[in-house]
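Small disclaimer: the values here were computed from a predicted structure and weren't measured.
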Amino acid sequence: MIFHTVQPESSLRVPKEPQNKVTVVLGAQWGDEGKGKVVDLLAMDADIVCRCQGGNNAGHTVVVDSVEYDFHLLPSGVLSKKATSFIGNGVVIHLPGLFDEAEKNLQKGKGKVFNFHQAVDGIQEQQRQQQEGTNLGTTKKGIGPAYSSKAARNGLRVCDLVSDFKVFSCRFRMLADHFLTMYPNLNVDVDQELEQLKGYAERLRPLVTDGVYFMHKALTGPNKKILVEGANAALLDIDFGTYPFVTSSNCTVGGVCTGLGVPPSYVGRVYGVVKAYTTRVGVGAFPTEQDNDVGELLQSRGREFGVTTGRKRRCGWLDLILVRYAHMVNGFSAIALTKLDILDTLPEIKVGVAYKVDGQPLPSFPANMDVLTRVSVEYETLPGWCCSTEAARSFEDLPPQAQKYIQFIENFLQVPVKWVGVGKSRESMIKLF
């Protein structure tokens with residue numbers, strides 16, 4: 001007779017809940033929603049604040065004690081005295097811009113923007129204008145060419161820069177030659193740029209660590225609150241945005257995993273930041289744009305100028321079809337609704353709730369930009385409140401019409417609004433729950 005012994009159940013076969021999860025803040029429109037303000041608020045209680053993608057084409061503004069800070073590369077949470085700021089592998093960095101901004105708690109940055117990347121960015125925009133009569137509205141910060149170098153696998157990373165500088169120099173010259181072959185009129189002083197980069201390498205070396213290992217320790221070690229700040233926004237995502245009028249990285253929730261080396265199971269709450277109206281910088285379709293007195297009022301009251309470029313932002317009514325699409329991609333846990341106070345003077349407020357093309361309703365936001373340029377928008381008209389909301393510090397302090405506006409957004413999206421912004425300071429963010 002043969003007896004089989006029963007082995008005790010292995011602890012490895014019992015699913016484990018992650019020790020720590022990251023909290024993510026993402027833009028839900030075309031950028032400029034006020035992500036920096038939300039990140040700054042959450043960072044006061046965070047241990048680590050991360051940037052996961054993008055570059056210095058992003059612009060995040062934070063106001064603390066009446067002092068306005070503009071960030072482009074550093075996480076907006078850098079103002080927190082408690083938190084460590086971390087730049088992940090998915091970010092492309094321009095070192096002069098980084099050192100101009102600050103040298104505080106930087107842990108990692110891999111992709112590298114060189115001066116010729118910026119020059120190429122400008123040349124490409126000029127060529128698009130000449131050949132097609134239009135351009136993409138790029139910030140000309142070199143982000144697109146830097147990401148194209150990454151995809152072509154001839155790009156250089158910070159880990160290369162802080163390693164053997166002779167090897168780095170050879171690869172740098174090859175990369176410069178690659179662009180000079182494509183753009184013979186490109187003005188590149190290779191020797192001067194290498195000399196500058198050598199100095200940056202010495203300054204960066206003590207601040208650089210293995211990003212995947214750093215995040216793994218943070219996620220699996222003692223309790224830590226980890227905050228991730230997305231740059232740009234859902235409709236600017238290279239895959240899910242209004243292509244080709246998009247940025248060059250994944251600024252939806254997937255970029256958190258690829259940019260930081262975070263497993264999907266470690267992604268916790270995902271907060272979408274939604275401006276109480278809609279803005280867009282540069283060119284591209286904009287269904288709810290108001291090229292009229294309403295648009296001018298929103299532009300002037302909201303001080304709608306790009307933080308990075310200084311360009312005027314195009315303005316229009318809140319487009320909930322667009323925000324619902326962003327929710328489909330990101331799965332928002334809750335929403336931060338910003339700049340509600342900008343609507344204070346309007347007697348009535350319109351909200352885009354449906355698209356039609358040639359009289360036929362569209363079930364969702366279209367992938368084809370030719371279709372998006374042809375949509376007509378169906379609006380819901382809501383009463384304005386015609387009084388200031390800037391002193392409100394609770395939901396109950398808001399006028400009834402403003403409360404109904406917030407509830408209308410929640411009901412349409414089936415996502416709760418967790419914060420409402422009624423001003424520029426930290427104190428102006430009303431927490432609803």
Side-chain angles (χ1 to χ4, degrees), residues 10-27 35-36 38-55 58 60 71 73-93 98 104-111 150 157-159 162 204 206-232 234 237 239 249-273 329-334 336 418:
S10 170
S11 62
L12 293 176
R13 295 178 194 152
V14 179
K16 283 186 178 179
E17 184 68 18
Q19 176 73 21
N20 300 316
K21 290 192 174 186
V22 299
T23 297
V24 184
V25 177
L26 300 171
K35 296 180 293 295
V38 178
V39 171
D40 174 64
L41 192 71
L42 294 172
M44 291 189 283
D45 195 36
D47 297 297
I48 303 172
V49 185
C50 313
R51 265 285 298 273
C52 61
Q53 46 70 226
H60 299 161
F71 295 113
L73 274 165
L74 293 178
S76 301
V78 76
L79 295 175
S80 168
K81 295 178 181 177
K82 174 187 173 185
T84 296
S85 291
F86 176 84
I87 296 180
N89 299 6
V91 180
V92 293
I93 69 172
L98 177 65
K104 183 176 180 181
N105 297 333
L106 174 66
Q107 291 291 337
K108 183 87 177 238
K110 269 200 173 179
K150 174 183 173 181
R157 305 181 298 170
V158 167
C159 59
V162 299
L204 266 183
L207 303 172
V208 175
T209 189
D210 185 303
V212 172
Y213 184 56
F214 173 84
M215 288 303 299
H216 176 75
K217 287 196 298 180
L219 291 166
T220 59
N223 281 339
K224 276 189 171 61
K225 291 186 177 179
I226 305 168
L227 181 62
V228 180
E229 171 185 26
N232 314 112
D237 186 277
D239 291 311
S249 60
N250 288 113
C251 31
T252 43
V253 71
V256 176
C257 300
T258 57
L260 294 172
V262 172
S265 59
Y266 286 82
V267 175
R269 297 184 191 91
V270 180
Y271 296 130
V273 187
V329 176
N330 292 297
F332 297 132
S333 310
K418 188 176 178 68

NZ/Lys217 to CG/Asp210 distance, rounded to the nearest 0.5 angstrom?
-> 9.5 Å
Could you check if a side-chain atom of Val208 sits within less than 4.5 angstrom of a side-chain atom of Cys159, using non-hydrogen atoms only?
-> no
Taking Asn20 for its side chain and Ile226 for its backbone only, find out whether a donor-acceptor pair lies under 3.5 Å.
-> no
Could you walk me through whether Ser333 and Lys418 pass the side chain to side chain contact (heavy atoms under 4.5 Å, CB included) check?
-> CA-CA 9 Å; Ser333 310; Lys418 188 176 178 68; over 6 Å; no
Close side-chain approach of Lys21 to Val267, heavy-atom, < 4.5 Å | no
How about Phe86 and Phe214: are their ring centres within less than 6.0 Å of each other?
-> yes
Would you check if Val38 and Glu229 make a side-chain contact, meaning some heavy-atom pair closer than 4.5 Å?
-> no
4.5 Å side-chain heavy-atom contact, Val253 and Val329 = no
Candidate pair Val228 and Val25, rule side chain to side chain contact (heavy atoms under 4.5 Å, CB included), full reasoning | CA-CA 6 Å; Val228 180; Val25 177; over 6 Å; no
Side chains of Val158 and Leu204: closer than 4.5 Å at any heavy-atom pair?
-> yes
Take Val22 and Cys50 through the test side chain to side chain contact (heavy atoms under 4.5 Å, CB included) and record every step on the way to the result.
-> CA-CA 10 Å; Val22 299; Cys50 313; over 6 Å; no
Is it the case that Asp237 and Thr252 place a side-chain donor and acceptor less than 3.5 Å from each other?
-> yes
Please round to the nearest 0.5 Å and tell me the distance separating atom OG of Ser85 and atom CG of Leu207.
-> 11.5 Å
Looking at Leu227 and Ala43, what are the two nearest heavy atoms and their distance?
-> CD2-N, 3.7 Å
Would you indicate whether the side-chain heavy atoms of Lys224 and Leu219 approach each other to under 4.5 Å?
-> no
Where do Leu26 and Val273 land on the side chain to side chain contact (heavy atoms under 4.5 Å, CB included) test, with the steps shown first?
-> CA-CA 6 Å; Leu26 300 171; Val273 187; over 6 Å; no
pair Asn250-Val256: side-chain heavy atoms closer than 4.5 Å = no
Check the surroundings of atom NZ in Lys225: do more than 12 heavy atoms from other residues, nucleotides or ligands lie under 6.0 Å from it?
-> no
